[in-house]
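Scroll down for the structure; my scribbles are underneath it.
Only a predicted model underlies this, so the values are computations on that prediction, with no experimental measurement involved.
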Amino acid sequence: MMNDLQERVTKSISLVDQDKMPLFEALVHYAKQEVTPFDVPGHKMGAQMNPLKMALGETTMRMDVNSMKELDLLSHPQSVIKEAQELAADAFGADHAYFLVNGTTIGIHAMIMAACKPGDTLLVPRNCHKSVMDGIILSGVKPVFIQPEVDYHFGISHGISISNVRKAIEEHPEAGTLLVTYPTYFGSMSDLATICTIAHDRDMTVIVDSAHGAHLGFMSEEMIDPISAGADVVTVSMHKTGGSLTQSSILLLNNNRIASQQIQKALDMLQTTSANYLLMSSLDVARRELSLYGNARYSQLKPIIEEAINEIESTSSYEILKAPYVKAHYDQFYDWTKLVIRVNGIGLTGFEVYRLLKEKYGIQMELAEGYVIMAVVTGSDTRESIEKLVLALKDIEKNLGHRSMIMLPHVTADQVNELVISPRDAFYAAQESVPIDDAVGRICADTLMIYPPGIPLVIPGERISRDILKQYHYYRQTFGNVLTEAKETNHITVIKENA
């Protein structure tokens, strides 16, 4: 009884602290002062009326300021930024928190560079984000890719399995770091607690790309966040599911496998010295909102989502990705805030339904794939917003759908490409641009991907196969846009032979 009381008192004290917004409050206070700025930025707190000030408003312009004593310095926090980061660390249950103003991308780069030295082996899922691939190039580490679980029914990939993690560790005992994507873009979550235990037993560091998991620790039901699962370093995109402004993220450090000074050193090298205060202060506000109201908001939202799923599946040919399916087929957990809807049963591709929802119904989905579309649900959603999506989907099937189900080849990659040389060596090698249909067998110096989700079809150093070409042409024909570095259409950059 005494322990329960002590726990409730401790939690109450923590929630009182979480009501503070030291950085945001200091910034608002400064914006209200009569200041004549002779520092940067050059708009001088919106001194001149122009289209930007007319759209954003005077307060926003006055809050876009430079570092100074009363507003602290991100690269060497001593006061309000330091206090805001400590509150964030407390909210997420981590030892340290670091504000990021260049998205989770910069956090991933910093995690890799702090955990690994050039030439070290890094175990990493092949369905990781492009920023991980770029971090591999920047750091000079040797990647060993782990094949994720491929779902042919939904046409997507899930997380990495425990068995594949064990296999990779056994085959590469020299590896000192494991990177895990948790949750994946589509919401599946490997058994991270078990994976951390396996890795830590081998004295390995576990770093986590949790770009789509900022909300996990603030949900009503038992949803394990990466810090609670035992991860050593985690980066979360607060702007994606946490409610902060776009491009603002948080890096969380747990335990002592990596020194906090090493993380700060990497971030100081990678991040701007002119950190945006609007972005940083939005992290302060979003952390407060999640801490104080996240649990209640997600508790209210979950039955609304369950009702919507039941209505969609009981009155249409759509199918929703759900936790029991992911657990039964792949032994992984699932984040229900990712509404993955299989649409090919109505005779349309995900790309077609995605476009129809935007053009005909004014609904912007997160992404489309061959068989599915995905909506990201957050604590800001309402019964009305969810119902609008449900009605639109039903109307599309009724008036625009076809009878025959679409079954397409190459809707998702099902094998790891052959890595011939390191991505870093490929990046610096002599290169040339060739027609992509003539590139089979060549070593890629380019990154081909669609965004979102930003998972590359091929990266520098991998051999280009016929399967990659089929994937490329599939996306070109259905989605119409494949991001590539080559300037010419249907070309790809490869390493020069005999250079």
* Asked: Got a salt bridge between Glu462 and Arg126, using NZ or NE/NH1/NH2 to carboxylate O under 4.0 Å?
  -> yes
* Distance-minimising heavy-atom pair for Pro125 and Phe145 -> O-CD2, 4.2 Å
* To do: Decide yes or no for Phe92 and Val234: does some side-chain heavy atom of the first lie under 4.5 Å from some side-chain heavy atom of the second?
  => no
* To do: Report, as yes or no, whether the 6.0 Å neighbourhood of atom CZ on Phe427 holds more than 12 heavy atoms from other residues, nucleotides or ligands.
  => no
* **Salt-bridge present (Glu86, Lys82; N to O < 4.0 Å)** => yes
* Under 6.0 Å from the CE atom of Met49, do we count more than 12 heavy atoms belonging to anything else shown? -> yes
* Rounded to the nearest 0.5 Å, how far does CE of Met223 lie from CH2 of Trp336? -> 7.5 Å
* Write down the atom of Asn255, the atom of Asp232, and the distance for their closest heavy-atom approach. => ND2-OD1, 3.3 Å
* **Donor-acceptor contact below 3.5 Å, side chain Asn254 vs main chain Ala94** => no
* Working to the nearest 0.5 Å, report the span between OG1 of Thr36 and CD of Glu34. => 8.0 Å
* Asked: Would a 4.5 Å heavy-atom cut-off, applied to side chains only, mark Thr241 and Leu216 as touching?
  -> no
* Asked: Considering all heavy atoms of both residues, which atom of Ala211 and which atom of Ser237 are nearest to each other, and what is their separation?
  -> O-CB, 3.0 Å
* Are Leu192 and Ile224 close enough that some pair of their side-chain heavy atoms sits under 4.5 Å apart? -> no
* side-chain contact (heavy atoms from CB on, under 4.5 Å) partner of Met280, chosen from Val101, Leu27, Leu245 -> Val101
* **Sub-6.0 Å ring centroid separation between Phe186 and Tyr334** => no
* Residues Met189, Asp335; criterion side-chain contact (heavy atoms from CB on, under 4.5 Å); working and verdict -> CA-CA 7 Å; Met189 298 182 290; Asp335 173 14; 4.3 Å; yes
* Asked: With a 4.5 Å heavy-atom cut-off, do Pro148 and Thr184 have their side chains touching?
  -> no
* Asked: Counting heavy atoms not belonging to Glu174, are there more than 12 under 6.0 Å from its CD?
  -> yes
* To do: Give the C-alpha distance, both sets of side-chain angles, the deciding distance and a yes or no for side-chain contact (heavy atoms from CB on, under 4.5 Å) between Leu100 and Leu267.
  => CA-CA 8 Å; Leu100 310 177; Leu267 287 174; 3.6 Å; yes
* Asked: Is there a donor in the side chain of Glu369 and an acceptor in the side chain of Tyr354, or the other way round, less than 3.5 Å apart?
  -> no
* Just wondering, are more than 12 heavy atoms of other shown residues or ligands nearer than 6.0 Å to CG in Asp201? -> yes
* To do: Check the surroundings of atom NZ in Lys358: do more than 12 heavy atoms from other residues, nucleotides or ligands lie under 6.0 Å from it?
  => no
* To do: Determine, step by step, whether Met269 and Met113 satisfy the side-chain contact (heavy atoms from CB on, under 4.5 Å) criterion, reporting the C-alpha distance in whole Å, the side-chain angles of both residues, the deciding distance to 0.1 Å, and the verdict.
  => CA-CA 10 Å; Met269 180 173 63; Met113 295 184 74; 3.3 Å; yes
* Taking the side chain as every heavy atom from C-beta outward, state whether Asp191 and Asp331 have any pair of such atoms under 4.5 Å apart. => no
* **Nearest-0.5 Å distance that lies between atom OG1 in Thr205 and atom CG in Leu179** => 11.5 Å
* Asked: In terms of side-chain heavy atoms, does Gln18 have a donor or acceptor partner in Asp90 at a distance below 3.5 Å?
  -> yes
* Asked: Would you say the side chain of Val180 lies within less than 4.5 Å of the side chain of Val165, judging by non-hydrogen atoms?
  -> no
* Asked: Less than 4.0 Å between a side-chain N and a carboxylate O, is that true for Glu366 and Lys338?
  -> no
* Counting heavy atoms not belonging to Glu387, are there more than 12 under 6.0 Å from its CD? -> yes
* Where is the tightest heavy-atom contact between Leu279 and Thr246, given as atom of each residue plus distance? -> CD2-O, 3.4 Å
* Asked: Are any non-hydrogen side-chain atoms of Thr177 and Val141 less than 4.5 angstrom apart?
  -> no
* Sidechain-backbone polar pair: Asp225 side chain, Gly217 backbone, donor-acceptor under 3.5 Å -> no
* **Atom of Asp209, atom of Met111 and distance for their closest heavy-atom approach** => N-CE, 4.4 Å
* **Heavy-atom side-chain contact between Ile459 and Cys444 under 4.5 Å** => no
* Asked: Checking Ser248 side chain against Ser244 main chain: does a donor-acceptor pair fall under 3.5 Å?
  -> no
* Find the distance between OG (Ser131) and CD1 (Ile108) and round it off to the nearest 0.5 Å. => 3.0 Å
* Give me the one residue out of His129, His158, His212 that meets ring pair (Phe, Tyr, Trp, His ring centres under 6.0 Å) with Tyr185. => His212
* Nearest 0.5 Å, what's the CZ-CD distance between Arg287 and Gln85? -> 11.5 Å
* Heavy atoms only: give me the nearest Leu87-Pro22 pair and the separation to one decimal. => CD1-CD, 3.6 Å
* Criterion side-chain contact (heavy atoms from CB on, under 4.5 Å) on Ile250 and Leu252, from CA distance to verdict -> CA-CA 6 Å; Ile250 297 178; Leu252 304 166; 3.7 Å; yes
* To do: State whether the number of non-hydrogen atoms from other residues, nucleotides or ligands found under 6.0 Å of His76 atom NE2 is greater than 12.
  => no
* How many angstroms lie between atom CG of Leu292 and atom CZ of Arg297, to the nearest 0.5 angstrom? -> 9.0 Å
